[in-house]
Amino acid sequence: MNKLRASGIIIFLTAAGFFLIWLLEYMLADFVTGGLPKDGFLYTLYPALRLKMDIWGTQSLMEILASVKFRFLVLAGFGYYLFANSALVADADFSEKKAVWLVKLFFILQLLFVPDLLNELRLRAQWQALFQPSGLSVLWLGDFPSYAVFQFLAILLFGISAWLVLARWDAGSVYPFLAALGTLLIWTFLLSVFFGFGKTDHTYASMFSGMAGMVVFLHIWRSNPAEIGFGFRIFQAFIWCCYFFSGLEKVFLSGFDWAGSDHLQVLAALHPGYAADWISQIPFSGILLGLGLIFQLSSVLQWRFPNWGYINVAGGVLFHFGTFFLLGIGGYFSPWLAMLIFLWPQQGRR
């Protein structure tokens, strides 16, 4: 299939998806305005929906619902952007030896955060009476699991990751891919419990997304070692896309008012005791939020321009230390900072 024909199919499917979502929007609008059943499936799938309806009101919820089709367009455009620029990836300077080193470094960093996650789950075990699975995790979670389950899975996760670091690899072997897939499934289970108290915590978001990208990378490497550079670029995309979609979320929910001085004052009130308290009183201080938003939205350029990774790494360091200085969020111990290592450009242009 040539690229022109593939582009036509993507555009057609995007348009069809847009109009299908538009049609479903009217159907869902009737449910929202008419009142959802008290114990409906949507409440099971998304337990916080009832609370959000009470806080936002029906009108605000309808406005968000109306934006879904446009979010779909943005997502489709993002996918097309990756497709259109995929041929620009080069791997001339990306050796298999370097790939193995970077992959093992990733699992070493992951090993460092396993005890931290286990401790977080131990603390949450004290509040298990309040536990309620959210999202798709209702498909595999019921009551709060026993802490012995967490210990067993953490030991298993640590052992598999240690094997990936210490073992000698054969590029054509299926075992590294299967081991990485196993770690992804264990992380998925543990984090679904971690999120099961009605609040999503983004602490491990970049690392977990990178884990999913690592599985794809190892599969590509196993299937076609010549495409090792392209596979690593996909792994990188799973990391920088966390910033990109976080920026899009801000734009969709708040618009560019996110970067206003008034908003910085609100954030300062919600996170008292940090530098935002006095910086938010300075005229045009919202430019700091604007710079952060620009960094997040521009992170996507690394797919088209590999050397943009230098900007993403530097911007990421400033972004995370800045949010810690202003609001006390994150810090030098954040997994997000460790994951920036893998955004450093590793190859040139084909």
Side-chain angles (χ1 to χ4, degrees), residues 96 98-122 124-125 133 135-137 139-141 144-196 200-223 225 227-228 230-242 333-343 346:
E96 184 173 294
K98 178 180 284 189
V100 171
W101 180 80
L102 286 167
V103 169
K104 292 190 175 185
L105 177 60
F106 171 76
F107 283 101
I108 290 172
L109 290 175
Q110 179 181 266
L111 285 170
L112 297 177
F113 288 99
V114 171
D116 181 65
L117 176 60
L118 186 60
N119 185 55
E120 291 281 358
L121 292 172
R122 181 184 63 81
R124 281 161 172 74
L136 293 177
S137 65
L139 300 177
W140 58 83
L141 284 177
F144 192 86
S146 166
Y147 184 65
V149 173
F150 300 144
Q151 290 180 310
F152 171 76
L153 291 177
I155 293 171
L156 184 60
L157 177 62
F158 200 92
I160 295 175
S161 300
W163 176 82
L164 281 162
V165 171
L166 299 174
R168 295 189 62 178
W169 289 17
D170 176 4
S173 173
V174 71
Y175 295 114
F177 163 73
L178 292 177
L181 181 60
T183 63
L184 175 64
L185 294 176
I186 295 173
W187 271 102
T188 301
F189 180 85
L190 293 177
L191 289 178
S192 64
V193 178
F194 183 68
F195 295 155
T200 300
D201 190 311
H202 295 92
T203 301
Y204 302 96
S206 180
M207 179 174 287
F208 179 72
S209 184
M211 187 68 249
M214 178 60 66
V215 173
V216 177
F217 169 42
L218 291 176
H219 174 68
I220 292 174
W221 184 9
R222 179 182 67 86
S223 303
E227 293 294 330
I228 187 174
F230 178 69
F232 187 76
R233 290 290 306 282
I234 291 179
F235 165 63
Q236 288 181 316
F238 273 79
I239 300 171
W240 56 249
C241 77
C242 290
F333 45 82
S334 169
W336 286 78
L337 277 169
M339 293 303 294
L340 290 173
I341 296 172
F342 304 103
L343 294 185
Q346 300 295 336

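FYI, the numbering just counts along the sequence from 1. In this text, all values refer to a predicted model and were calculated from it rather than measured experimentally. Any value given below was found using the heavy atoms of this structure, including those in side chains, with hydrogens, waters and symmetry copies removed.
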Could you pull out the closest heavy-atom pair between [X] and [Y], with the gap in Å?
| X | Y | answer |
| --- | --- | --- |
| S209 | C242 | CB-SG, 3.5 Å |
| L121 | F144 | O-CZ, 4.1 Å |
| A338 | F113 | CB-CE1, 4.4 Å |
| L111 | A162 | CD2-N, 4.1 Å |
| I228 | A99 | CD1-CB, 3.2 Å |
| F217 | G231 | CD1-C, 3.3 Å |

Distance from [X] atom [atom1] to [Y] atom [atom2], nearest 0.5 Å?
| X | Y | atom1 | atom2 | result |
| --- | --- | --- | --- | --- |
| L190 | L153 | CG | CG | 5.5 Å |
| I341 | L109 | CD1 | CG | 5.0 Å |
| I220 | R233 | CD1 | CZ | 12.0 Å |
| M211 | L191 | CE | CG | 12.0 Å |

Flag side-chain contact, heavy atom, 4.5 Å: [X] against [Y]:
| X | Y | result |
| --- | --- | --- |
| I186 | T183 | no |
| L118 | F150 | yes |
| P145 | V193 | yes |
| F107 | K104 | no |
| L157 | Q110 | yes |

- Message: Taking the ring of F238 and the ring of F235, is the distance between their centroids below 6.0 Å?
- Response: no
- prompt: Once the angle between the rings of Y204 and W187 is folded into 0 to 90°, is it parallel (under 30°), tilted (30 to 60°) or perpendicular (over 60°)?
  reply: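 Tilted, since the angle between the ring planes falls between 30° and 60°.
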Going by side-chain contact (heavy atoms from CB on, under 4.5 Å), V165 matches just one of I108, I160, V103, L105. Which one?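 By the side-chain contact (heavy atoms from CB on, under 4.5 Å) criterion, V165 pairs with just one of I108, I160, V103, L105: I108.
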* To do: List the steps and the verdict of side-chain contact (heavy atoms from CB on, under 4.5 Å) for M214 and L184.
  => CA-CA 9 Å; M214 178 60 66; L184 175 64; over 6 Å; no
Atom OH of Y147 with >12 non-hydrogen neighbours under 6.0 angstrom: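 Correct, the count exceeds 12.
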For side-chain contact (heavy atoms from CB on, under 4.5 Å), just list the numbers for W240 and M339, CA-CA rounded to whole Å, side-chain angles, deciding distance to a tenth of an Å, and then say yes or no.
CA-CA 9 Å; W240 56 249; M339 293 303 294; over 6 Å; no
With F342 as partner, the option from W101, W336, F106 fulfilling ring pair (Phe, Tyr, Trp, His ring centres under 6.0 Å) is F106
